[in-house]
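All figures in this text were calculated on a predicted structure; none of them were measured in a lab. Note: hydrogens, waters and symmetry copies are ignored here, and every other heavy atom, side chains too, is used.
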Amino acid sequence: MKHCFILNRIQYVEQDQKNTNQKIPATSSKRSRATIGGFLKKTQSTLLESTWDIIQIAETDFPGNFIMWILINGEELHKIRLTVPRIFYINQRTPIDRELEDAENAVFKKVHRILPRSRPVHNLYQYKIPEQVFQDRKLEMLIDLTTPDIEGIYETQTSLLFRAMVDLGCKCVVQRVERKRGATNTESFSLEHLEFRRDSDQSYLQNYAQLKKIFLYQHSIATGKREMWGVFMPNMKKASVLVLDTVRTDQMPNLKSMYMAELKNHSGRSEVPGDLDFEIIFETELKGIHRNVQRMLSTYKHEIKGPTILFLQVSHTPSQMITAMPQLAEFPQVQIHIADEMSLLSAINWQQNGCRSIIRHFLNLPTVVESMLRQCRYYHIAVGNMPTDPIIFGADLFCARYLQKNKFLLWCSKSNRPDLGGRESDDSRLLTEFDDGNSRVQNRSDLYSGISVVLTIENLAVSALLQSSKIQEAEGSFNAVAFDMIPQGFVDEMLGARGKASYDESSHCNSTLRILRLMVNGWLRDVSLNRSIFSDTQIVHFYRWIKSSNALLYDPAIRRTMFNLVRRYFLQLLAEFQRLGATIIFADFNRIIINAGKEVLVEAINYTDYIVQNIRSREMFHGVHLSFHQAWRNLLWLDNFNFGGIRVNPEDQVSQNPDEEKSLEIEMTFNIADQLPKEGNCGEYLEKLISGLLTDLATEESQQKAFEQHSHRAFTIVEHIHKKFPFHEAKPALRLITSLHKILSVADHLLPDVDSLHRNLLKLVGVGEFSDAASWKDTSNDFTLMEVICKACNHCRDLNLHNDPHKALKDGIPVWLCSQCYGCYNNDEIESMLLEIVQRKLMSYTLQDVKCVNCKQIKRDNMTTVCECTGSFTNLMTRSDFQQNLESFLNVAQIYRMSLLEDYIKWMQSVY
């Protein structure tokens, strides 16, 4: 068999490498411990018997070889070469000969594992070979994947570094068998010779404060022509500030005085040196900076002995830094993921600002590192391998360890397609546009009198996952008979399918959801017993991890399954609100707006608390947290992007004092106003009319009188605009009339008066009531990005890219803000999300169905050219609609300076 022939060749290469690298057994020595040989033997014994604190696992240029920096007994720093083999799994339909499997030099063995998405297991073999051999034979194995005998080759996309981090954690020991065997080469170990040591006593790098440290800082402007570097060596009492500029301009402050002033205001003075000798170096070329930094590190290496850690707060990757300055590889490196503003070095006094920032970061280093160590002890990850987003990566680590413990194979992938054994291309349907991904469940447009209350929702996804069985019962089915809980093999037999049925990829994720429940239950147990803030953080960010395509274990099938589960759970929650008599105005996964029907805020809050307590008393909703956020009076609600109301603060008490009635806080957001022409300030006039109506409704005794005053103002404004722009092609007066009618027509009890006003205003501008121009048309070409999650406060909301009111400028670039904490969203991450959405839209456009022009039925077969009703077929999405969507994304890319998205869309426009 061709496949076995190739793997046999891999075996022989593996055997040759084993023979070449075979360890020489240690010979007995009669020398005393006082000799050099005895000292070396004692050092080797200490290395083999002690627990290793892993500081960093660093990649090298040789495939499968890593440098592992370890600390023993808190004082001995060792540089170990770690060899990580490539482990992958082949699922064959026919078994391999037993003689080959039992051979002494066999690199494979038959195992029992659960495949991703519960794919059928035929004959699963685990292969363990050197990475170099895998890279050399990778093309041949991909060719084997096309043979009918191979169902799939799994875990080929799992990075070796991630496997080492999963298997070793932050503390490890040499396996007992390897210790008994003894070894003369204690500078090189294989991953299979080491084992995970759980840090139950929180002793990882407990003596960190006694270690020597070097702090390297670098920051540059966007053009890269101006940079500031800082090198702090506390044990030498020296610090250097290096300035890169096109000209040697010295505007540096007195660094010693600045350091003493900042140190005086710093709380942790005992952890940083009280005095430093500063050196200032000016360079006009970056090579000069690199040369000086290497000189300083080389001097430190010769003068100071003992374990030293190099802390890097730079904008480049470690590999880029080592390429430019090879001397950095002589130290274990720890990345500090804190970045200054890009505009820090753009001011006139940029040198003073840069120096102050460098000193402050150095003084804050002990606090930052201590926080990182606490995270490392929780995630069981080396401090030198701490990623930029530890919460997402930590969830990947937790999930991978749970999956391995329960005999699952990993589907790690750096792309948004999971590793499905080479069958990732079959997943195109799940990579199409997620049409039902809108978290909005209910929207009821109207003008609501009285108090309307906004309730924020937390822990919805986690509660839905843990209460999945209760959801089945509430929907009228039980676990034993629910369709998506039936074992997949039994379903396949019923369908008579060969292999795994493809009727619903998301239904194949039930076994994975059970593992996720175990993981979340472990976090909840840790929160309950140990009050762990890190477990609580993982719970809060669980849904962000599920939907993040940057996660290594991201699977669109799991994301869609979780979304459907959360939606079903949320519908049950809304049904409970309605059962208790609440009037729901708007509801999505983040908030629920209800009309309390009360005129007094205190009574409305008490009524809301009564409903929330009754709902949470049920076991099914015990984990959902509902909290009061804000309240409105006289809420005019069209949708979550078009509404207005009078803000009512909880501290304000109901009073009949007329002086308090005058100060009304009106909150409005109307994206419809942004669509109006600039001529005549139509948008401002529309908001003034709505604001005046809400004010009149709050102050006047009757709604009829309030609406009459509103009508007079509308006539005056429309007449003014029409006289000023009577023949303008944009027709500002008419657009204002139709927009006003669109908003006010949601009030059912005012509909006769609204229609009468609309009719009279149309007469004023000479337009008939039933003409096409008299109806409102949506001219916006905007796009709403669903479920954007803020990393600072974890607030999740739908982001209108074009007309969102929460915007600001950061370093001269427009950015969106979180509506809760007003922190900036990362434009790069949003650009990545938009790229994924554009790709999904392209996939949807490419794989779309066609429908009949006459009967609107979807085409069922492939060969017919006309429908049964003799009608012709057309696409569900026309080319013009697709091009219009691309124009919308291109507009966003140009405004927010997303160059990658802009180039990609321009390429698509040229092709499609």
Side-chain angles (χ1 to χ4, degrees), residues 87 89 91 111-121 124 126 152 154-155 157-158 162-163 165-167 169 196 198 378-381 391-413 418-421 427 430 459 461-472 479 482 484-489 500 504-527 534-535 538-549 551-566 569 623:
I87 301 175
Y89 299 82
N91 189 24
V111 294
H112 298 282
R113 298 288 190 275
I114 300 176
L115 300 183
R117 297 193 185 171
S118 301
R119 289 180 173 271
V121 178
L124 188 64
Q126 181 195 68
Y154 297 88
E155 291 200 9
Q157 301 183 39
T158 302
F162 181 73
R163 186 179 296 278
M165 295 167 67
V166 170
D167 292 348
F196 186 94
R198 184 165 291 277
Y378 174 75
Y379 293 123
H380 301 290
I381 178 177
I391 297 175
I392 295 294
F393 190 78
D396 282 327
L397 285 176
F398 272 106
C399 187
R401 289 165 182 161
Y402 270 98
L403 290 171
Q404 288 185 345
K405 183 179 179 181
N406 291 273
K407 305 298 182 183
F408 279 74
L409 294 189
L410 305 181
W411 53 89
C412 295
S413 173
D419 182 3
L420 301 178
D427 196 46
L430 278 180
N459 300 335
V462 171
S463 299
L465 179 65
L466 298 178
Q467 301 293 337
S468 57
S469 59
K470 300 275 185 192
I471 298 174
Q472 299 287 349
N479 290 346
D484 59 349
M485 300 299 291
I486 300 176
Q488 291 300 315
K500 181 61 62 177
D504 184 12
E505 288 87 344
S506 61
S507 66
H508 296 188
C509 302
N510 295 314
S511 56
T512 306
L513 290 183
R514 286 194 289 270
I515 301 301
L516 295 182
R517 275 195 290 271
L518 289 176
M519 182 176 68
V520 172
N521 277 320
W523 291 338
L524 290 172
R525 192 181 308 111
D526 195 21
V527 172
F534 297 113
S535 292
Q538 292 300 128
I539 293 173
V540 170
H541 291 263
F542 171 74
Y543 192 60
R544 182 167 75 91
W545 171 67
I546 287 290
K547 68 183 296 293
S548 174
S549 59
L552 293 175
L553 290 171
Y554 171 76
D555 188 348
I558 297 177
R559 175 183 177 180
R560 183 165 295 190
T561 303
M562 275 300 303
F563 177 84
N564 292 332
L565 187 64
V566 173
Y569 183 71

Taking all heavy atoms of [X] and all of [Y], pick out the closest pair and write down the distance.
X	Y	result
Arg117	His508	O-CB, 3.1 Å
Ile87	Arg163	O-NH2, 3.4 Å
Leu516	Ile546	CD1-CD1, 4.0 Å
Leu115	Pro120	CD1-O, 3.6 Å
Asn406	Ile114	O-CD1, 4.3 Å
Leu565	Ala464	CD2-O, 3.6 Å

Just how far is it from atom [atom1] of [X] to atom [atom2] of [Y], taken to the nearest 0.5 Å?
X	Y	atom1	atom2	result
Ile539	Ser463	CD1	OG	9.5 Å
Thr561	Asp555	OG1	CG	8.0 Å
Gln157	Leu552	CD	CG	11.0 Å
Gln538	Tyr378	CD	OH	5.0 Å
Leu410	Tyr154	CG	OH	13.5 Å
Arg514	Cys509	CZ	SG	11.5 Å

Checklist entry - Taking Asn91 for the side chain and Val121 for the main chain, is one N or O donor matched with an acceptor at less than 3.5 Å? => result no
Checklist entry - Does any N or O in the side chain of Asp526 come within less than 3.5 Å of the main-chain N or O of Gly522, such that one atom is a donor and the other an acceptor? => result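 The answer is no, because no donor-acceptor pair under 3.5 Å joins these two groups.
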Between [Y] and [X], is there a side-chain heavy-atom distance shorter than 4.5 Å?
X	Y	result
Trp411	Leu553	yes
Pro556	Pro418	yes
Lys407	Val111	no
Val462	Tyr543	no

Next on the checklist: With ring-ring contact (aromatic ring centres under 6.0 Å, His included) as the test, pick out the partner of Phe398 among Phe542, Trp523, Trp545, Phe534.
Outcome noted: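 The residue from Phe542, Trp523, Trp545, Phe534 that satisfies ring-ring contact (aromatic ring centres under 6.0 Å, His included) with Phe398 turns out to be Trp523.
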Checklist entry - Would you say the side-chain atoms of Tyr554 and Ser413 include a donor-acceptor pair closer than 3.5 Å? => result no
Item to check | side-chain contact (heavy atoms from CB on, under 4.5 Å) involving Ser548 - partner list, sequence neighbours excluded | outcome: Ile392, Asn550
